[in-house]
Protein chains: 2
Amino acid sequence: MKEKEFLDELAEITLLNQTLALLDWDSQTGMPETAATERGAASGYLSGLAFEKQTGPKIKAALDYFNDHQAELSEVGKTVFQVAKKDYDEIHAIPKELMVERSRLYSQAHTAWVKARKSQNFADFKPALEENIRITKELIPYYKKDEATDYDVLLNLFEPGMTTAVLDEVFTELRDGLVKIRQLIAQEGIEPDTSFKDRIMTKEQQKVFVENLVSQLGFDFNRGRLDDTVHPFATRLARNDVRITTRWNEQDFSMGIFGVIHEAGHGIYEQNMAEKYNMTPVYDAPSMGIHESQSLFYEIILGSKRSFWQKQYPIFQAAAEGTFDDIDFETFYRSLKATAASLIRIEADSLTYPLHIIIRYELEKALFNGDLTAAELPKAWNDKYEEYLGIRPDNDLVGVLQDVHWSGGMFGYFPSYALGYMYAAQLLHAMEKELAVDDLLTRGDYAPIKAWLTEHIHQFGRSKTPSELIKAATKETLNPQYLLDYLSELYQTVYQIKA
Amino acid sequence: MKEKEFLDELAEITLLNQTLALLDWDSQTGMPETAATERGAASGYLSGLAFEKQTGPKIKAALDYFNDHQAELSEVGKTVFQVAKKDYDEIHAIPKELMVERSRLYSQAHTAWVKARKSQNFADFKPALEENIRITKELIPYYKKDEATDYDVLLNLFEPGMTTAVLDEVFTELRDGLVKIRQLIAQEGIEPDTSFKDRIMTKEQQKVFVENLVSQLGFDFNRGRLDDTVHPFATRLARNDVRITTRWNEQDFSMGIFGVIHEAGHGIYEQNMAEKYNMTPVYDAPSMGIHESQSLFYEIILGSKRSFWQKQYPIFQAAAEGTFDDIDFETFYRSLKATAASLIRIEADSLTYPLHIIIRYELEKALFNGDLTAAELPKAWNDKYEEYLGIRPDNDLVGVLQDVHWSGGMFGYFPSYALGYMYAAQLLHAMEKELAVDDLLTRGDYAPIKAWLTEHIHQFGRSKTPSELIKAATKETLNPQYLLDYLSELYQTVYQIKA
């Protein structure tokens, strides 16, 4: 067995995955809807081929051989071996019958979820949700290594190394901090004027502005592109072909503009992993939380900064061709960061968003640690919204039925979103020790910022775990205080609260 | 062996081919150029998988079994068997070493062709062309069945059943007839006014007009789409996902508009083969000549008709938002069909285009029947252009080096283009016996025309040979007189020649 054979096999798997990514991108951008069934068949067939190779005899032989002959591997080869072995073990953990049953249940649950949303009645989803929870509980022992609780096993599948012990602590701190900021705003804040935010800015005007902006931020349009879609996403078809997508709302420029900045953050990450890992499973993010830290760094961290908009607002005004010429900078800037409790996670603002995640985390944990049944879920959901956000859903559609995740058995995934927020703020704090970030933003000199992120995050791909990355980049472990400090200062300014 | 197993295997091959079609479509529309190498690797890898399956043990076992058990096949199964067997035999004919050598030579020849075009010197291409001719001559015996000459074997690969005996006769008749029409025009014709044809019509204006037009003609945008590209083409990703592409020239509306009509003709064909053949190799055109007959029927046959433009010109004028309001219908219509000799095939008008093809046919036939060497080709090329079109290339770039085909070993392919012209005119003649085509066009009632083509051509896919299709649809074999009659009448009108 030669390293080259091993890498060639992994490269073929990568080619299949690139093709699957194109099939998916196309189905979400340009494909006629009527072609959905055949496209599903093509994706299904290729997924099967990829799975066969990932679990096939060539990979097994290579992993067995290099397990005993590490010295024959190059440095890159050693890293690739570790990651490929992890993937192989994970994909092999589950007996095939359970995999098939799981797929069947998820598919049924998705149908039930769609039905329940129509009827606005959780009861139509409950039996399927219970089945999803049951099968997930049956699967946990196969994945379990030394995790403290069942829910820790689920967390680990999405954010390797993360534990409920850590999350309980940081989420409590975060939740209390956010609630405190919200109280302060309610008591002393002056509401920003947002009356002009629905002025028409055409898709073309928005596009000119934001394409130019994200290009300056570091998204390379020679190695990627931007398209329209319904549910925005970023995807890597190849190292030199990273595609971001967005939806536009001409009566709410912030949807398209911040949406593109967010996806460009993902895209910049995908475009800047070290080339030496290309065509291997190392060329990927180590977790969804880390990936989200990069999109949120651009969208929420840089995109909330006064210094950022000081540079960009005149350019934005020019792109809008006069529409906002009567709005002064201060008014415009404050309007971007207005906050209010809302029932729907994906419509939440940057202050309240983490609370939506914490609610889901607490409920999931209770479901898997035996403290909550599916039947009790709607009431528990509504109670938590009332407690943390001060609003209560009228019906399940705007409550417990709003997210697709549980119908697909994605328990343990939600925390990644909040981790991304905290990582992003912690990275800014570390970056500011080395770079005068506000000066750079005021000047529109974005290259050093991207270079810092590439040096500390992008380049490594999956060669480091999330916690290794954050530790190395920020010299400490996950610390929610940076996000709280950031949001606290931001919202005190925007809501003109005296310190 | 069950029919279902056989069809399932063919369906998987179809899914791979659909995916390959998407990879190619994407690389010609949206893919960043920098991703070309990895995309090539992905296409190459999937092509290999498709080839392995097409020549694999499952297909062989099925063909062997059903060869002896025809009675166990359904009607559709029998047709699929015939077509699959033909493909298998053809793909198996060539020893693997020769396949590999051929690929290598084609690749080298393409590089040499690109170089020769830069240097405008045929000498830089000659050695590679000689090698391509040599390997093709070596391959011919493997394909040869009962064809009369070597060149007949090549013709058959692209237009099954076509012979030099037939082509010699129809091309002589066609060439003489076209030359006669051109002489008449030169002697008595009144040149149309084309001075306004370079007026700016924006891409958006053209697009609104032509999307609406081809949609009425029968291209179903719910099962297809239109995109921009450099080299226009039509491709079927799936029965419900047929994509056409075009390039636009704001100073020459006819490029984009007739280009889209042409590709829509291909697209309508692909969208209307019988559903029972879907996911089998029967769901395809039986030849490139038949495919081209459908695109040319819309572009050249309908698109040249006075009745067609009588309906469409006011709509065109409205789409152009005033740009052509001072041009009366007669002037506009005549301008569309101006003709002049030109050196470049793909820029030729509908009267002179077939002459470009006939020149290539005569040269190819001479090359393969031993009457011409590669060294003699440039002079022979230039002489024929002088003889048939009255113009002589200044250099090889606008002469023998203009087409990519021979660098890829595609000898015997060119005649398909002219066959498409003749088939299209012959189909119109047959259609007019049943439908009042000009009346329908004047009213903009296009559905009966599409229905006739679907009934006589589209639905059959590869279940009939080209000659069977033409015979059944028109009650006679290929007859060039219909094209000559059509063009003669058309150009006499346009050039205002008294009968």
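Order of the sequence lines fixes the chain letters, A, B, ..., with proteins taken first and strands second; residue numbering starts at 1 for each chain.
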**Message:** Given heavy-atom pairs under 4.5 angstrom as the criterion, report whether the side chain, backbone, both or neither of B/R239 touches chain A.
**Reply:** both

**Request:** Kindly indicate whether the side chain of A/E38, heavy atoms from C-beta on, has any atom under 4.5 Å from the side chain of B/L237.
**Result:** no

**Asked** Got more than 12 heavy atoms from elsewhere within 6.0 Å of CD, B/E5?
**Response** yes

**Request:** With a 4.5 Å heavy-atom cut-off (strictly below), which parts of residues 273-281 of chain A touch chain B? List them by number.
**Result:** A/N278, A/M279

**Complete:** Taken in chain and number order and not counting sequence neighbours, the residues that satisfy side chain to side chain donor-acceptor pair (under 3.5 Å) with B/N240 are B/R223

**Item:** Toward chain B: residues of residues 204-218 of chain A with heavy atoms under 4.5 Å
**Value:** none

**Prompt:** Mind checking which of residues 229-236 of chain B sit less than 4.5 Å from chain A, heavy atom to heavy atom?
**Reply:** none

**Prompt:** Non-hydrogen atoms of chain A under 4.5 Å away: do they reach the side chain of B/E12, the backbone, both or neither?
**Reply:** both

**Request:** Find the distance between CG (A/D26) and CG (B/D241) and round it off to the nearest 0.5 Å.
**Result:** 6.5 Å

**Fill in**
The reported gap from CG in B/L49 to OG1 in A/T19 (rounded to nearest 0.5 angstrom) is 9.5 Å

**Request:** Identify the two heavy atoms, one from B/P32 and one from A/G224, that lie closest to each other, and give their separation to 0.1 Å.
**Result:** CG-N, 3.6 Å

**Message:** Quick check for you: to the nearest 0.5 Å, what is the distance between A/T29 atom OG1 and B/R225 atom CZ?
**Reply:** 6.5 Å

**Complete:** From the list B/T14, B/T37, B/V242, B/L16, the residue making the most non-hydrogen contacts under 4.5 Å with chain A is B/L16

**Message:** For the interface with chain A, which of B/G30, B/S43, B/A36, B/A11 has the highest count of heavy-atom pairs at distances below 4.5 Å?
**Reply:** B/G30

